[in-house]
Protein chains: 2
Amino acid sequence: MKYMTAPSLRPLERSIQDRLATRGVRFTKGRRAVLSALGAADGPRSAAELYQELGQRVPLSSLYRTLVVLEETGVIDPHHGLRGVMRYELAEWIRGHHHHVVCSSCGAVEDVELDEETEKELARLVDTVASSVGLDPSAHSLEVEGRCRRC
Amino acid sequence: MKYMTAPSLRPLERSIQDRLATRGVRFTKGRRAVLSALGAADGPRSAAELYQELGQRVPLSSLYRTLVVLEETGVIDPHHGLRGVMRYELAEWIRGHHHHVVCSSCGAVEDVELDEETEKELARLVDTVASSVGLDPSAHSLEVEGRCRRC
DNA sequence: TTCCTTGCAAACGATTTGCATTGGA
DNA sequence: TCCAATGCAAATCGTTTGCAAGGAA
């Protein structure tokens, strides 16, 4: 189990661009900027956070539209975080499967990767829960909440 | 106009009232109504849903204020659901610990209780995750997403 | 050139708050 | 009684959308 390291987007740009192109979506400056900010982040980011991190150079409305497009094309994944704010991060196929630790005080969200053993155990739990209600599990997330070191 | 009290809630009214009284919070008709609606629900409810279920007898603004107060006094727990809508349910000490299955299609949320064995296994996972990032786990939740039988 | 994309402002839905009034302990 | 709680309307916050102008293929 370890903190995730931000992957360099460079080697992935090609496959991302292809994915967009296939659907007639252009790989523009603004979209590149958003993706690179997400690539450098240590956890999911909201529109407002990205707006700040990009030096307000991408207007909020464009940012929201970019997030919609990138989600639709499967390049980023949405997360329903604290206080009903939507946060996004690079899709699993780019960033890998992981979980979140949420600080109940400051609301910060951090990525955590489980080791294979633990993740396998979790997968079994998920199957148990899902089958008990007759549901085909498409996704799961384990959220652990508590006060982080800074708070 | 009388509000029905859910049977399961009745033996707890005293301790809830005490909890409120301790903090100078009154146990009013509207708050009783909200609690009884939550007591009768099979999953977390949003303000809008409660508004309907209470026959619009409690104005939305009062409802929101009630939810804030009840959360602050630890009588209900918030649940950050799909699409930026906040849902609430009776606190764990009233309702018992459980988890949620979310339908990725219709957004319905349903409570699931794990058997002791499974819950214990989950608790170990949570401890593993939390201690690895130096966080004192105050709460955890396992959310399983998928398409429900109706969808 | 042809569409897709952007930027601005206005529109929106969910939630919050100011203020005068009501009501519970 | 006295202060918390309510109801209404207006304000706010996060997010979406209409429309005219700009930009990538």
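All chains are named by letter (A, B, ...) in the order of the sequence lines, taking the proteins before the strands, and each is independently numbered beginning at 1.
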Practice prompt. Kindly compute the distance separating CD1 (B/I76) from CZ (B/R87), expressed to the nearest 0.5 Å.
Written response: 14.0 Å
Fill in: Nucleic acid contacts - residues 43-53 of chain A versus DNA chain C, non-hydrogen atoms under 4.0 Å
none
Discussion item. Checking B/S15 against B/D18: is there a side-chain donor and acceptor pair closer than 3.5 Å?
Written reply: no
Item to complete: Measure from CE on A/M86 to P on C/dT15 and round the result to the nearest Å.
Response: 14 Å
Item to complete: State plainly whether one hydrophobic cluster holds both B/V68 and B/V85, where clusters connect Ile, Leu, Val, Met, Phe, Trp and Tyr through side-chain heavy atoms under 4.5 angstrom apart.
Response: no
Worksheet item: Taking A/R95 for the side chain and A/E92 for the main chain, is one N or O donor matched with an acceptor at less than 3.5 Å?
Response: no
Worksheet entry | Gap between atom CG of B/L35 and atom CG of B/L20 - 0.5 Å precision | 7.5 Å
Worksheet, complete the sentence: note: A/R57, atom CZ; C/dT6, atom C1'; distance rounded to Å ~ 16 Å
Discussion item. So if I take the C1' atoms of five pairs at each end of the helix from C/dT1-D/dA25 to C/dA25-D/dT1 and get each local axis, what angle do the two axes make, rounded to 10 degrees?
Written reply: 40°
Discussion item. What does the B/S/- profile of nucleotides 20-25 of chain C look like, 5' to 3', with a 4.0 Å heavy-atom cutoff to protein?
Written reply: ---BBS
Fill in: Distance, nearest 0.5 Å, that separates CD of B/Q17 from CG of B/L12
12.5 Å
Discussion item. Between B/W93 (side chain only) and B/G74 (backbone N and O only), is there a donor and an acceptor less than 3.5 Å apart?
Written reply: yes
Worksheet item: From C/dT5, C/dT15, C/dC8, pick the nucleotide closest to the side chain of A/V25?
Response: C/dT5
Item to complete: Measure the shortest side-chain to side-chain distance between B/Y51 and B/V58 over non-hydrogen atoms and say whether it is less than 4.5 angstrom.
Response: no
Worksheet item: Are A/P78 and A/L67 close enough that some pair of their side-chain heavy atoms sits under 4.5 Å apart?
Response: no
Discussion item. Nearest whole Å is fine: how far is D/dA25 P from A/L20 CG?
Written reply: 11 Å
Worksheet item: For residues B/H99 and B/E119, is any side-chain donor paired with an opposing acceptor at under 3.5 Å?
Response: yes
Worksheet item: Which parts of residues 60-71 of chain A get close to DNA chain C, meaning a heavy atom less than 4.0 angstrom away?
Response: A/S61, A/S62, A/R65
Discussion item. Tell me every residue that passes side-chain hydrogen bond (donor to acceptor under 3.5 Å, both in side chains) with A/T73, counting only those two or more places apart in sequence or in another chain.
Written reply: none
Discussion item. Going by side-chain hydrogen bond (donor to acceptor under 3.5 Å, both in side chains), B/E89 matches just one of B/H98, B/R45, B/H79. Which one?
Written reply: B/H98
Worksheet entry | Partner set under side-chain hydrogen bond (donor to acceptor under 3.5 Å, both in side chains) for B/S46, not counting sequence neighbours | B/E49
